[in-house]
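Structure first, commentary second.
Owing to the predicted nature of the structure, the values given are computational and were not obtained by experimental measurement. Every chain is numbered from 1, with letters handed out A, B, ... down the list of sequences. Because only heavy atoms are used, hydrogens play no part in the values below, and waters and symmetry mates are left out as well, while side chains stay in.
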Amino acid sequence: MYLSEKVTSIIRRAISNLNQIIDTDIEIEVPRIKDFGDFSTNVAMKLAKKLHQPPMDIARSIVEELQQAKPIILKAEAVKPGFVNLWISPNEITNVIHQILSEAEEYGRVNVGNGKRVLVEFVSANPTGPLHIGHCRNAVVGDSIARILKFAGFNVEREYYFNDAGAQMQNLGKSLRARYLQLLGKDEPIPEDGYYGEYLVDIARALVAEKKDSLLHSNDIDFFTAFATKHILDSIKTDLADLKVEFDHWVSESWFHRQGKVDEVIDELKRRNMAYEKDGALWLKTTQFGDEKDRVLVKSNGEKTYLAPDIAYHKNKYERHYDQLINVFGGDHHGYIPRLKAAIQALGYDPQKLRCLVIQMVTLKKGEETMRFSKRKGGFITIREMLDELGSDVVRFFFLMRTIDSQLVFDWELAKDTSIDNPVYYVQYAYARSCSLFKKAQEEKINLNLSGISQANVNLLTLPEEQSIIKHLALFPDVVRRAAEVLEPQFITAYLRVLTSAFHNYFTAGTKNPEYRIVLPDNPELTYARLALVRALQIVIRNAMSLISVSTPEKM
RNA sequence: GCGCCCGUAGCUCAAUUGGAUAGAGCGCCGGACUUCGAAUCCGUAGGUUGCAGGUUCGAGUCCUGCCGGGCGCGCCA
């Protein structure tokens, strides 16, 4: 049991001893101000409303009860509006280190998920071109959310849905055919609403290499489409893999068409009296479920809209019986959510099961120039370029530093500059620095066998700097829990910055005061204790960084 | 015009989902390396949280109305 859980349960027991019904979550926090104790809780104020008693009275009774928790709780105080401040036995705090050392990469795991099955769908960009910076935030955030949920006890699957059907695919095939013919010396224009990107020239080259000029008179657009789609999907998969973004399932729209799933779901909607004909088209009654207007499922020319197969897809998700579905949308698609949720209700499914996250837009700032990336407009920086010039650590950390619902200005110069506003190096440097301490210890001939550290007397860690680090380490499971609840990876990056800051602070103290040094050849006992602390720190940094898939180099 | 998101220090952003004295980084200024890595640390300055009301023990956070920015509002995907 984690320290924060221990404290929470002690408070819970105290309240139930007062014969109060607890229907409030007990939240504890580490106060900013030292005089407010190691932990504090606002539970008395929360209960005040329900019990119709003054918060301070409740706080005082809780403090009274907490006298019985003496071994762990040193002191409890009721204060001003109704906070209960707690001072914890130093041994309880330092014991966190041994807990971390023994749990190692498992430390920080929490069980908010309780094995529930969650499907996270993200990126889901169409295979009509390479992924660009606009998709990048979605990819990095979605992937990190999946990692966090997994660590928080959910059974997570990640899915990428790609639209490889419809008119746009025909345009892609036609565009490739034009590029192919151009390479063979023909004067063939790219179709009006085709794809003009250079990447199709590269794919056309591959096609020439493979088929020579045998397709010179071919009108088999489907073949060109398939060839382009395969190449683009492959490059998308490579880009994502290099960005350390993983998927369990790749789901294709055309599969639903081929299997008749789209027609099936349309029939079902008709049967449920949720669809009607008007102006030669088939409409879905999404207004019945709060949408602004009804939406077309089948156009008057017989083609299906984007929505129709997507409904079939989501029906399929529901049929796979996940406990929760998460969709990660780009900011320019938020208007789509009400109609998707409406469609789900039209099929009789529970819309609560589907949680839609909206990741706000990314603007690229390069020097004085700024460019926006709504999906439709051209001119973009690709993920490939970002990876080649910045590396995945920088790209990932940068996109995870902000809350998902605030717009993000990606400052290219700043990202390229290897320090300044880019704290990935700050965090990594702390880790590398901590590693050097073990090298130093080795040079000083201090025996670093594991038992020396694991038997360390951590009660020797009484410096305020040490206590501060340990308290932050103790907080990690809470950070994971909260990040999983609100689905905000930003919690992890923010935590890492605070944690490593505490370490840098501690380390620097040793450069000023020799007694504060971590490696002390004349005092092996204290050295072991301090190295145990550093080891615990390393574990937590690694565990946290793995949640956002950023590396922890030992040297930099 | 309607809907969603945002508005916090000069800049980029936090604020534990209603809690204590609104915090960091960058930038400015001033300090700290003969000693575990100075990609670091310490300090100073910087605020009517866009504006105006409201809800309550308590509001940056919630409700209403304005102002400003972004994104949507298709028989596109």
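- Of the candidate nucleotides rU16(B), rG37(B), rC36(B), rU16(B) has the atom lying nearest to any side-chain atom of E27(A).
- Set against rG37(B), rC13(B), rC75(B), the side chain of T305(A) has rC75(B) as its closest nucleotide.
- The listed nucleotides are rC36(B), rU17(B), rA77(B); the one nearest the side chain of K440(A) is rC36(B).
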Distances under 3.5 Å only, N/O to N/O: pair up the protein atoms with those of nucleotides 20-22 of chain B.
unit_1  : atom_1 : unit_2 : atom_2 : d
rA20(B) : N6     : S40(A) : OG     : 2.6
rA20(B) : N6     : N85(A) : OD1    : 3.1
rA20(B) : N1     : N85(A) : OD1    : 3.0
rA20(B) : N1     : N85(A) : ND2    : 3.2
rU21(B) : O2'    : R32(A) : NH2    : 3.3

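- S300(A) comes within 4.0 angstrom of a base, heavy atoms only.
- Each of Y336(A) and A48(A) was assigned the nucleotide of RNA chain B with the nearest heavy atom; the assignment lying further toward the 5' end belongs to A48(A).
- At the heavy-atom level, M556(A) lies under 4.0 Å from base atoms of the strands shown.
- Note on D279(A): a base of the nucleic acid sits closer than 4.0 angstrom, heavy atoms only.
- Within the nucleic acid shown, A432(A) comes within 4.0 Å of at least one base atom, counting heavy atoms only.
- Closest-nucleotide positions on RNA chain B for Y506(A) and T500(A) were compared, and the one nearer the 5' end corresponds to Y506(A).
- At the heavy-atom level, A494(A) lies nowhere under 4.0 Å from the strands shown.
- Nearest heavy atoms, I469(A) versus F503(A): CD1-CA, 3.9 Å.
- Among the nucleotides rC5(B), rA15(B), rG72(B), the one closest to the side chain of D332(A) is rG72(B).
- Base orientation of rC33(B): syn, the glycosidic angle falling within 90° of 0.
- Checking rA15(B), rC71(B), rC5(B) against the side-chain heavy atoms of D405(A) singles out rC5(B) as nearest.
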